[in-house]
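See structure below.
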Amino acid sequence: MPELPEVETVVRELKTLEGREITQLRVGWQKTVTPGVPVLRSSMLGCRIRTVSRRGKYILLELENGDTVTVHLRMTGKLIFEPSEKDKNYVRLSLELDGRDWLYFVDVRKFGRFDLFRSGAPVLPSLGPEPLEEKETTRVLLNLKSRRELKKILLDQKVLAGVGNIYADEALFLAGLSPDLPGADLSSKEAKTLAKALSKVLNASIANMGTTLSDYRNTKNIGGENQNYLKVYGQTGQPCPRCATAISRKVIGGRSTHFCSKCQGFS
DNA sequence: AACAGCACCTGTAGGC
DNA sequence: TGCCTACAGGTGCTGT
């Protein structure tokens, strides 16, 4: 569900966790914890959270013992302080802070994961650079050697970290590029245009507190507004906002891909 | 390197 | 109402 803008929205709110101590940890679905519950418990219990940050689609909790706990929300995960009655059926993990209030990890589909990186070990080493960094993104796109389709490349977290299905489609539309264009065929002008489109689309969504289609909510259980501004994602059959051609849908890399065949020159 | 296919899970929407 | 299929903001594994 959540891509970079949704995770960024949550992380900004979770800054309130900095300096707080984890006094209890409860797990409702064992597989939520990749290294196993005892390992996570031994690192987190009685420890304070030093900083909360984001890397790609991951939330990073850096602890005072130097360890880093990563949280990935996958499709339906959310971290919330006040779960609804319905949410309570899907609490997979909960953290008590300073012996007072609780933060709940709610996840209908059970795909979300907590992982642990020990002090000194590189955290999430295989992730590519952040797509909000326009210069670095341009450099990455300029140096693509692969003939894979652009859509697949944008979804590859080793290339760029944080772009998912919604914003890949939106950025390709804004850049006027076909999702099936081979990455290595990008001209330098097109690479710059796409890098600019990515940062624009992602920053706009952050300003709108993310896109809520069904499950995504911030820590206060409130959805975002960006779904009201999507140009192509989920707009199959609707008129293109630029040329009024009906928006097409095609599966690329196993994912629904939405585009305007006219504006994006789909081959 | 890079596919496709499937696995992980549950809920919802639409057709009949 | 029920049954069935398709689909969903993601990633990771296996075999080819």
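Sequence lines set the chain letters: A, B, ... in the order given, protein chains first and strands last, and positions in each chain run from 1.
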N or O in side chain of [X] less than 4.0 angstrom from [N] OP1/OP2:
X: A:Arg113; N: C:dT11; result: no
X: A:Lys110; N: B:dT10; result: yes
X: A:His72; N: C:dT11; result: yes
X: A:Lys57; N: C:dG10; result: yes
X: A:Lys145; N: B:dA1; result: no
X: A:Ser214; N: B:dG11; result: no
X: A:Gln157; N: C:dG10; result: no

For A:Leu124, what are the other residues in its hydrophobic cluster, where any two members join if their side-chain heavy atoms are less than 4.5 angstrom apart?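 Cluster partners of A:Leu124: A:Tyr58, A:Leu60, A:Phe117, A:Val123, A:Leu127.
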Nearest to side-chain heavy atoms of [X], which nucleotide of [options]:
X: A:Val108; options: B:dT10, B:dC3, B:dC9; answer: B:dT10
X: A:Tyr58; options: B:dC8, C:dG12, B:dT10; answer: C:dG12
X: A:Glu149; options: B:dT10, C:dG10, B:dC3; answer: B:dC3

Is the side chain of A:Thr76 donor-acceptor paired with the backbone N or O of A:Arg109 at a distance under 3.5 Å, no angle test?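 Between the backbone of A:Arg109 and the side chain of A:Thr76 there is a qualifying donor-acceptor contact (under 3.5 Å).
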Please produce a list of atom pairs where a protein N or O lies less than 3.5 Å from an N or O of nucleotides 13-16 of chain C.
none

Looking only at side-chain N and O atoms, does A:Arg26 offer a donor or acceptor that is under 3.5 Å from a partner on A:Ser94?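 On atom types as modelled, these side chains do not qualify, holding no pair under 3.5 Å.
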How many Å lie between CG on A:Asp215 and C1' on B:dT10, as a whole number?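 Interatomic distance, CG of A:Asp215 to C1' of B:dT10: 10 Å.
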What is the distance, to the nearest angstrom, from the CD atom on A:Gln30 to the C1' atom on B:dC9?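 It is 16 Å, rounded to the nearest whole Å.
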Under the side chain to side chain donor-acceptor pair (under 3.5 Å) rule, collect the residues that match up with A:Lys88, sequence neighbours excluded.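 Checked A:Lys88 against side chain to side chain donor-acceptor pair (under 3.5 Å); matches are A:Glu85.
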P-based separation of C:dG10 from B:dA1 [nearest Å]: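 It works out to 24 Å between them.
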Writing each nucleotide of DNA chain B 5' to 3' as (, ), [, ], | or . by Watson-Crick or G-U pairing under 3.5 Å yields .|||||||.|||||||
Dump the pairs, protein N or O against N or O of nucleotides 12-14 of chain B, anything under 3.5 Å, distances to one decimal.
from	atom 1	to	atom 2	distance (Å)
B:dT12	OP1	A:Lys86	NZ	3.1

Could you pull out the protein-nucleic contacts involving nucleotides 4-8 of chain C (nitrogen or oxygen on both sides, under 3.5 Å)?
from	atom 1	to	atom 2	distance (Å)
C:dA8	OP1	A:Ser256	OG	2.5
C:dA8	N3	A:Arg109	NH1	3.1

